[in-house]
Amino acid sequence: MNTPDHAEGRIPAKPTLDGIESRWVDQWRTDDTYAFDRSATRDEVFAIDTPPPTVSGSLHVGHVFSYTHTDTIARYQRMRGKDVFYPMGWDDNGLPTERRVQNYFGVRCDPSLPYDPDFEPPATEGTFPKGSDKRQVPVSRPNFIELCDRLVVEDEKAFENLFRLLGLSVDWSLLYATIDERSRRISQRSFLNHLSRGDAYQLQAPSLWDVTFQTAVAQAELEDRERPSAYHTLRFTRPDGSDLLIDTTRPELLPACVAVVAHPDDERYQPLEGATITTPVYGVEVPMVFHELADPEKGTGTAMICTFGDLTDVTWWRELNLPARPVIGRNGRFVDEAPDAIQGEGRERYAEVIGKTIHTGREIIVEQLQAADQLVGEPKPITHPVKFYEKGDKPLEIITTRQWYIRNGGRDDDLAKALIDRGEAIAFHPDYMRGRYRNWVEGLNGDWLISRQRFFGVPIPLWYPLDAEGEPVYDEPLAPAAELLPIDPSTDVPDGYTADQRNKPGGFMGDPDVMDTWATSSLTPQIAALWAEDDPDGLWARVYPYDMRPQGHDIIRTWLFSTVVRSHFEEDSVPWHNACLSGWILDPDRKKMSKSKGNVVVPIDLLEQYGSDAVRYWAASGRPGTDTAFDEGQMKIGRRLAIKLLNASKFALGMAPAGGGLAAALDAPVTEALDQSMLAQLASLVDDATAAFDGYDYARALERTESFFWTFTDDYIELVKNRAYASRGDEAAASAHAALARALDSLLRLFAPFLPFVTEEIWSWWRDGSLHRQPWPNASALRTAAGDAPAERLTVAGQVLSELRRPKTEAKLSLRTPITSATITDTAARLALITDAIDDLADASVAAELQTAEGSELSVAAELAPES
RNA sequence: GGGCGCUUAGCUCAGCUGGCUAGAGCACCUCCCUUACAAGGAGGGGGCCGGGGGUUCGAGUCCCUCAGCGCCCACCA
């Protein structure tokens with residue numbers, strides 16, 4: 001295409017980055033530039049399982065960072081000719097949204113209520129006063145979900161706008177939300193599949209419990225926090241009446257004591273085998289037992305087993321067949337009824353703690369111990385790690401409840417092995433992240449607890465029949481027909497029953513629980529690609545298994561692992577072939593940026609200040625998996641790079657042959673030695689960048705491209721500038737034009753994944769269509785144009801040019817100062833390389849005469865023209 | 001306690017399968033308005049590549065070990 005309008009008129013006299021974001025965001029939207037072609041076959045597709053950001057507040061700079069990484073790869077694959085499946089989702093399912101909806105609208109979800117189609121919340125502008133729980137209006141779950149939709153719509157719009165402004169090449173027609181109808185349907189369908197295959201089961205068992213939210217939590221959601229505590233030495237009594245001293249940090253669990261344990265090899269306690277020990281204060285007789293997990297080094301070497309103080313207690317309780325005497329209830333307070341084992345005075349003492357919090361109960365029981373002289377000495381303060389729910393602020397308790405589980409290898413070595421093998425079949429980037437996956441699977445100590453005693457989320461899609469006494473028959477759950485999904489058992493009625501039989505003897509009850517948010521987000525591959533949905537385009541078969549899962553390394557144990565589990569059961573497959581882990585953004589003090597630390601920078605401000613390309617440049621400089629410092633300096637460099645590209649392009653395009661644009665020179669022969677050498681280097685660059693991208697190392701591709709670009713502008717353009725202006729005739733100039741055209745063409749493509757705006761802008765000056773739909777540059781075509789020219793010629797010429805400039809700089813003269821004569825000394829091999837570039841060197845250094853002399857290393861002796 | 005990662009110029013970091021005098025940008029110093037670019041260009045100073053061993057003709061790169069920092073995991077009486 002070399003119509004005159006390409007030659008003139010499209011290149012601004014003073015190129016600028018101002019306004020290019022909005023111009024191209026609009027153009028790409030209008031043209032559907034990034035639309036996924038639903039007719040592509042699986043081998044033509046590159047599918048990305050995009051992380052759905054949590055919609056509870058605003059996007060932060062960490063999002064900009066990691067989503068840019070994914071986008072560079074999406075753009076690269078698109079240019080490689082792949083049809084890129086790049087969806088977006090909003091994670092608006094779960095506790096963070098539940099809290100926001102409550103506070104914003106002044107409502108509280110109550111699944112026992114029927115749906116009210118005319119409901120209006122008491123507050124609509126987020127004006128509901130905080131801390132007024134009692135005045136929150138209870139609403140049904142369907143109403144609550146509607147309010148969620150209302151609340152998040154604005155946020156989601158803002159998220160989309162920011163991602164568009166950032167230049168993400170997402171196909172926005174593939175948008176989903178984790179609480180939307182399709183996600184609920186797919187989530188419930190998968191759950192019922194698990195149930196029918198036996199991958200899901202319910203169990204009445206001790207499980208980790210958050211007393212604030214009053215819900216069970218999963219192992220993956222735990223975190224340890226260092227908390228002050230104290231060893232209390234309690235005086236238990238041996239059969240012979242002598243003391244048996246036991247250290248504990250949980251004296252309040254004394255009424256829950258069911259045994260005393262020591263290590264089987266511990267000679268101090270071996271004589272007590274078969275003995276009965278009496279607990280202090282409560283006078284309960286408990287057996288002396290032995291177990292490998294008892295540590296002779298800890299405390300007095302013997303411990304009281306309580307139901308349940310920690311997970312070890314659960315192990316002991318289970319493996320030693322001990323009774324359960326729970327004293328802590330779901331609300332974190334002492335239960336109303338003392339365990340049966342406590343009799344006589346012990347019951348009166350227990351009465352003092354009924355209904356008390358754990359904290360208060362501890363004080364009371366410590367007083368009881370002191371009063372009975374059964375606390376030895378003063379408590380010894382210590383600090384130790386305590387398990388917390390990651391979103392909670394009180395230590396977790398262990399409470400026996402009925403919960404739903406999905407098998408994940410935590411109780412089945414064969415399954416664990418199979419899941420580790422799945423991990424081996426996935427390429428991790430960087431590779432060492434695989435260790436974290438394996439580490440986690442090997443360390444699992446139970447199946448995946450997916451039921452949550454919360455209100456906002458995807459309901460467990462089951463009902464239970466009620467017997468004549470009104471007790472649920474859990475073993476015979478009632479499941480809905482697949483075509484009725486999604487259902488809400490709190491408002492929908494199972495087949496064969498009527499609404500008025502709800503919660504009546506002989507009737508039914510809905511399962512009150514919702515699924516863990518990961519139980520839905522582990523299905524993002526299924527949700528985005530319409531798994532088992534009405535899918536006329538056959539999307540699922542075109543994208544699954546996906547090529548790539550990008551995500552943060554902190555959620556390998558949750559999102560990554562749970563997605564592997566679901567695909568293992570549903571598809572007997574890995575969900576994707578590559579897992580790309582990005583690091584965190586650290587503030588300059590090397591701390592993770594977070595809202596609570598108040599060190600968060602608002603992304604939109606950065607994009608406006610530096611430009612999207614500049615911010616992307618900073619993001620793309622962060623190596624895969626590496627935590628990266630937030631660095632506005634890198635954004636400034638990115639901005640300069642973008643401006644440099646504008647100006648260098650303007651220069652190259654200004655060399656357009658008469659009568660046609662520079663595009664006309666794309667196929668012209670490259671005859672000059674230096675030009676050929678530059679193209680040889682460029683071909684190597686294309687090879688390097690391609691290999692880096694194929695290994696998901698976008699940062700390396702950028703670094704190589706940028707490095708070449710500086711050589712290109714500082715050395716090559718300087719060397720050929722005069723010749724391109726036809727200083728040595730039209731033929732020599734034409735070679736420069738042909739080389740510049742090819743270099744510009746390739747550089748725009750190479751930079752396109754990183755700097756999509758400025759490259760598209762420049763592309764529009766001389767070419768048609770979107771750059772982002774162009775093929776990736778072709779190294780062999782460049783090599784052909786370069787002939788057999790050595791790439792080193794340009795390198796040596798650049799070094800010589802630098803030496804020719806030095807005397808001018810040292811004499812504090814302008815670089816325009818003419819050199820009357822100069823001698824270049826260097827090795828024969830290096831001199832041979834620049835023989836054919838000597839005229840270019842003379843032009844660039846304003847030298848009247850250049851001579852060469854053989855020597856051991858490069859040096860230049862130059863005579864400068866006297867100052868005029 | 002186990003595992004992993006990091007440690008290269010004042011700062012932020014490149015240095016892939018070991019190979020010419022260790023690189024980039026920022027910052028600092030000097031100079032230059034040269035017709036792509038002064039939000040630029042040319043040049044310069046600055047590094048026992050965390051410490052100590054080892055393999056090798058040769059180690060920032062491989063092996064061992066120690067130290068510091070960070071992350072993940074762990075049964076936290």
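Values reported hereafter were calculated over all heavy atoms of this structure, with side chains retained and with hydrogens, waters and symmetry mates removed. Below, chains carry the letters A, B, ... as their sequence lines are ordered, and counting in each starts from 1.
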Novice: Reckon A/Lys387 has a side-chain N or O less than 4.0 Å from the OP1 or OP2 of B/rC75?
Specialist: yes

Novice: When you get a sec, tell me which of B/rA74, B/rC32, B/rC31 is the closest nucleotide to the side chain of A/Lys812?
Specialist: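 Of B/rA74, B/rC32, B/rC31, B/rC31 is nearest to the side chain of A/Lys812.
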
Novice: Salt-bridge test for A/Arg728 and A/Asp840: reply yes if a basic N is under 4.0 Å from a carboxylate O, no otherwise.
Specialist: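 Yes, A/Arg728 and A/Asp840 are salt-bridged.
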
Novice: Please work out if A/Asp295 contacts a base, only the sugar-phosphate, or nothing of the nucleic acid, heavy-atom cut-off 4.0 Å.
Specialist: base

Novice: Of the candidate nucleotides B/rU12, B/rG41, B/rA77, which contains the atom at the shortest distance from the side chain of A/Lys298?
Specialist: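 So the nucleotide nearest the side chain must be B/rA77.
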
Novice: What's the closest nucleotide to the A/Asn439 side chain, out of B/rG3, B/rC37, B/rG5?
Specialist: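 Looking only at side-chain atoms, A/Asn439 lies closest to B/rG3.
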
Novice: My understanding is that a pair needs two contacts under 3.5 Å, Watson-Crick or G-U wobble. By that rule, which nucleotide pairs with B/rG1?
Specialist: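 WC or wobble partner is B/rC73.
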
Novice: Check the pair A/Glu21 / A/Leu607 against side chain to side chain contact (heavy atoms under 4.5 Å, CB included), numbers first and verdict last.
Specialist: CA-CA 9 Å; A/Glu21 283 90 356; A/Leu607 294 175; over 6 Å; no

Novice: As a test of reading the structure: which of B/rC73, B/rC71, B/rA14 is closest to the side chain of A/Arg557, going by heavy atoms?
Specialist: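 Ranking B/rC73, B/rC71, B/rA14 by closest atom to the A/Arg557 side chain puts B/rC73 first.
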
Novice: Sort out the partner of B/rC33 for me: Watson-Crick or G-U wobble, both distances under 3.5 Å, none otherwise.
Specialist: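 Partner of B/rC33: none.
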
Novice: Which residue, A/Asp18 or A/Thr248, contacts RNA chain B at a nucleotide closer to its 5' end, judged by nearest heavy atom?
Specialist: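 Nearest-nucleotide comparison on RNA chain B picks A/Asp18.
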
Novice: May I ask which nucleotide in the shown strands pairs with B/rC11, Watson-Crick or G-U wobble, both distances under 3.5 Å?
Specialist: B/rG25

Novice: Check whether any side-chain nitrogen or oxygen of A/Arg700 sits under 4.0 Å from OP1 or OP2 of B/rG15, and answer yes or no.
Specialist: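 A/Arg700 to B/rG15 OP1/OP2: side-chain N or O found under 4.0 Å.
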
Novice: Rounded to the nearest angstrom, tell me the gap between atom CZ in A/Phe708 and atom C1' in B/rA14.
Specialist: 19 Å

Novice: Please state how far atom CD in A/Glu706 lies from atom C1' in B/rG25, giving the value in whole angstrom units.
Specialist: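 Answer to the nearest Å: 8 Å.
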
Novice: Reckon A/Ser621 has a side-chain N or O less than 4.0 Å from the OP1 or OP2 of B/rU12?
Specialist: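 For B/rU12, OP1/OP2 do not have a side-chain N/O of A/Ser621 under 4.0 Å.
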
Novice: At under 4.0 Å between heavy atoms, what does A/Gln219 touch on the DNA or RNA strands: base, sugar-phosphate, or nothing?
Specialist: sugar-phosphate

Novice: Using atom C1' in both nucleotides, what's the gap between B/rG45 and B/rC37 to the nearest angstrom?
Specialist: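 B/rG45 and B/rC37 have their C1' atoms separated by 27 Å.
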
Novice: Could you check which of B/rC13, B/rA14, B/rA77 has an atom nearest any side-chain atom of A/Glu703?
Specialist: B/rA14

Novice: When you compare the side chain of A/Leu581 with that of A/Gln551, does any pair of heavy atoms fall below 4.5 Å?
Specialist: yes

Novice: Send over the distance from A/Leu641 CG to B/rC26 P, rounded to a whole Å.
Specialist: 12 Å

Novice: Is the shortest side-chain N to carboxylate O distance from A/Arg438 to A/Glu424 below 4.0 Å?
Specialist: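 Yes, this pair counts.
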
Novice: Please work out if A/Ala294 contacts a base, only the sugar-phosphate, or nothing of the nucleic acid, heavy-atom cut-off 4.0 Å.
Specialist: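 Result for A/Ala294 = base.
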
Novice: For the pair made of CZ in A/Arg436 and P in B/rC73, what is the distance, rounded to whole Å?
Specialist: 9 Å

Novice: Over all strands shown, is A/Thr300 touching base, sugar-phosphate only, or nothing at heavy-atom distances under 4.0 angstrom?
Specialist: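 The answer is nothing, as A/Thr300 stays clear of every strand by at least 4.0 Å.
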
Novice: Which part of the nucleic acid, if any, lies within contact of A/Lys808, taking any heavy atom under 4.0 Å across all strands shown: a base, the sugar-phosphate backbone alone, or nothing?
Specialist: nothing

Novice: Over all heavy atoms of both residues, which pair between A/Pro206 and A/Trp317 is shortest? Give the atoms and the distance, please.
Specialist: CG-CZ3, 3.7 Å

Novice: Determine the Euclidean distance between corresponding P atoms of B/rC62 and B/rG18; express it in Å to zero decimal places.
Specialist: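 Roughly 8 Å separates the two P atoms.
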
Novice: Picking from B/rA74, B/rC71, B/rA77, which would you name as closest to the side chain of A/Trp440?
Specialist: B/rA74

Novice: What distance, rounded to whole Å, do you find between the two P atoms, one in B/rC20 and one in B/rU61?
Specialist: 14 Å

Novice: Let me know the distance between CD of A/Glu390 and P of B/rC72, rounded to the nearest Å.
Specialist: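 Going from A/Glu390 (CD) to B/rC72 (P), I get 11 Å.
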
Novice: If you find the nucleotide of RNA chain B closest to A/Arg640 and the one closest to A/Leu222, which residue's nucleotide is nearer the 5' end?
Specialist: A/Arg640

Novice: Return the value, rounded to whole Å, for the distance between atom CZ of A/Arg623 and atom P of B/rC16.
Specialist: 10 Å

Novice: I'd like the C1' distance from B/rG46 over to B/rG3, given in whole Å.
Specialist: 39 Å

Novice: Please state the P separation for the pair B/rG41 and B/rC49 - nearest whole angstrom.
Specialist: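 The answer is 32 Å between these two P atoms.
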
Novice: Just N and O in the side chain of A/Gln634: are any of them under 4.0 Å from OP1 or OP2 of B/rA14?
Specialist: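 No.
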
Novice: Nearest to the side chain of A/Leu293 - B/rC75, B/rA42, B/rC31?
Specialist: B/rC75

Novice: For B/rA59 and B/rG1, measure between their C1' atoms and round to the nearest Å.
Specialist: 34 Å

Novice: For atom C1', what is the distance between B/rC11 and B/rG52, given to the nearest Å?
Specialist: 29 Å

Novice: May I ask you to evaluate whether A/Arg704 reaches the phosphate of B/rC16, defined as a side-chain N or O under 4.0 Å from OP1 or OP2?
Specialist: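 No, no such contact exists.
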
Novice: Please determine, by modelled atom types, if A/Lys808 and A/Ser845 share a side-chain donor-acceptor pair under 3.5 angstrom.
Specialist: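 Not at all, the side chains of A/Lys808 and A/Ser845 share no donor-acceptor pair under 3.5 Å.
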
Novice: Under the side chain to side chain donor-acceptor pair (under 3.5 Å) rule, what do A/Tyr617 and A/Glu706 come out as? Steps first, then yes or no, please.
Specialist: CA-CA 10 Å; A/Tyr617 170 88; A/Glu706 188 190 4; 2.8 Å; yes

Novice: With a 4.0 Å limit, can you tell me whether A/His232 has a side-chain N or O closer than that to the phosphate oxygens OP1/OP2 of B/rA77?
Specialist: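 Answer is no, no contact under 4.0 Å.
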
Novice: How would you label the contact of A/Asp697 with the nucleic acid (heavy atoms, under 4.0 Å): base, sugar-phosphate, or nothing?
Specialist: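 Touches nothing.
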
Novice: From the set B/rU12, B/rG41, B/rU34, return the single nucleotide nearest to any side-chain atom of A/Lys644.
Specialist: B/rG41

Novice: Taking the minimum atom-to-atom distance to the side chain of A/Ala303, which one of B/rA77, B/rC16, B/rG25 wins?
Specialist: B/rA77

Novice: Side chain of A/Leu815 only, please: which of B/rA74, B/rA42, B/rG5 is the nearest?
Specialist: B/rA42

Novice: For B/rG15 and B/rG58, measure between their P atoms and round to the nearest Å.
Specialist: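 That atom pair is separated by 26 Å.
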
Novice: Is the shortest distance from a Lys or Arg side-chain nitrogen in A/Arg806 or A/Glu803 to a carboxylate oxygen in the other one below 4.0 Å?
Specialist: yes

Novice: Would you call A/Arg623 and A/Asp697 a salt bridge, taking side-chain N to carboxylate O under 4.0 Å as the test?
Specialist: yes

Novice: For B/rC6, give the paired nucleotide (Watson-Crick: N1-N3 plus N6-O4 or O6-N4; G-U: N1-O2 and O6-N3; both under 3.5 Å), or none.
Specialist: B/rG68

Novice: Rounded to whole Å, how long is the line connecting atom OH of A/Tyr617 with atom C1' of B/rC13?
Specialist: 10 Å

Novice: Rounding to an integer number of Å, can you tell me how far A/Glu718 CD sits from B/rG41 P?
Specialist: 10 Å

